[in-house]
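One structure is given here, and the rest of the page talks about it.
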Amino acid sequence: MALSARTLVEANGFGHIIEVINTKIEDIPQDTIGKNVDVIVSEPLGTFLLNERMLETYVIAREKFLKEDGKMFPASSHLCIMPFYDEAIHNE
């Protein structure tokens, strides 16, 4: 994904403005970037917004790197659930 993003950035003439970093957000030292990021774009969903700790990573990115007036996409999410009971699943 990062390679494709970098190719698109360069092809559209934004290589001097946009830097694509291909690593986990937790592995980027804060002093490398600081609070200089204008926009964070991610897919922080996982299962039910919580599985795989992706939401936590999204929050870490915001706290470590996003400027005070920066934007995050997506900025909100909706979780719709429908409770049900299945005795066979419960017994498993």
Side-chain angles (χ1 to χ4, degrees):
M1 183 63 75
L3 180 58
S4 295
R6 193 172 292 118
T7 300
L8 287 170
V9 166
E10 293 295 330
N12 286 285
F14 291 105
H16 63 290
I17 298 171
I18 299 172
E19 179 181 359
V20 177
I21 300 172
N22 185 19
T23 190
K24 295 189 304 185
I25 199 75
E26 295 89 350
D27 293 343
I28 302 172
Q30 186 165 3
D31 60 355
T32 302
I33 300 171
K35 290 239 181 201
N36 294 317
V37 175
D38 296 305
V39 178
I40 294 175
V41 179
S42 185
E43 184 272 314
L45 301 179
T47 305
F48 298 117
L49 298 176
L50 303 172
N51 193 26
E52 303 172 27
R53 302 187 75 137
M54 295 175 72
L55 189 57
E56 180 180 326
T57 297
Y58 200 46
V59 171
I60 289 170
R62 180 192 68 196
E63 297 302 313
K64 284 177 74 174
F65 303 116
L66 191 64
K67 288 181 178 178
E68 188 172 320
D69 60 345
K71 304 288 184 195
M72 295 180 74
F73 297 99
S76 66
S77 182
H78 300 276
L79 178 62
C80 300
I81 61 171
M82 177 69 149
F84 76 97
Y85 178 77
D86 183 316
E87 189 169 348
I89 292 174
H90 176 77
N91 290 334
E92 283 183 24

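Both Ile21 and Phe65 belong to a single network of hydrophobic side chains, linked directly or stepwise wherever heavy atoms of I, L, V, M, F, W or Y lie under 4.5 Å apart. Hydrophobic clustering (side-chain heavy atoms under 4.5 Å, transitive across Ile, Leu, Val, Met, Phe, Trp, Tyr) groups Val20 together with Phe14.
Crowding of Gln30 atom CD: a count of heavy atoms from other residues, nucleotides or ligands under 6.0 Å exceeding 12. Heavy atoms from other residues, nucleotides or ligands lying under 6.0 Å from NZ of Lys67 number more than 12.
Counting Ile, Leu, Val, Met, Phe, Trp and Tyr side chains that sit under 4.5 Å apart, directly or through other members, Leu8 stands alone, with no cluster partners.
Taking CZ of Arg6 as the reference point, atom CE of Met1 lies at 13.0 Å (rounded to 0.5 Å). Expressed to the nearest 0.5 Å, how far CD1 of Ile60 lies from CG of Leu66 amounts to 14.0 Å.
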> Are Lys64 and Ile25 close enough, and set up right, to give a side chain to side chain contact (heavy atoms under 4.5 Å, CB included), and what steps lead you there?
Replying inline: CA-CA 9 Å; Lys64 284 177 74 174; Ile25 199 75; 5.7 Å; no
> Can you check side chain to side chain contact (heavy atoms under 4.5 Å, CB included) on Phe84 and Met82, steps first, answer last?
Replying inline: CA-CA 6 Å; Phe84 76 97; Met82 177 69 149; 5.7 Å; no
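For His90, the ring-ring contact (aromatic ring centres under 6.0 Å, His included) partners two or more places apart in sequence, or in a different chain, are Tyr85.
Residues Thr23 and Ile28 have side chains in contact (heavy-atom distance under 4.5 Å, counting atoms from C-beta outward).
Contact record, Val39 with Val37: O-CG1, 3.2 Å, taken as the closest heavy-atom pair. Residues Pro74 and Ser42 come closest through the heavy atom pair CD-O, 3.2 Å.
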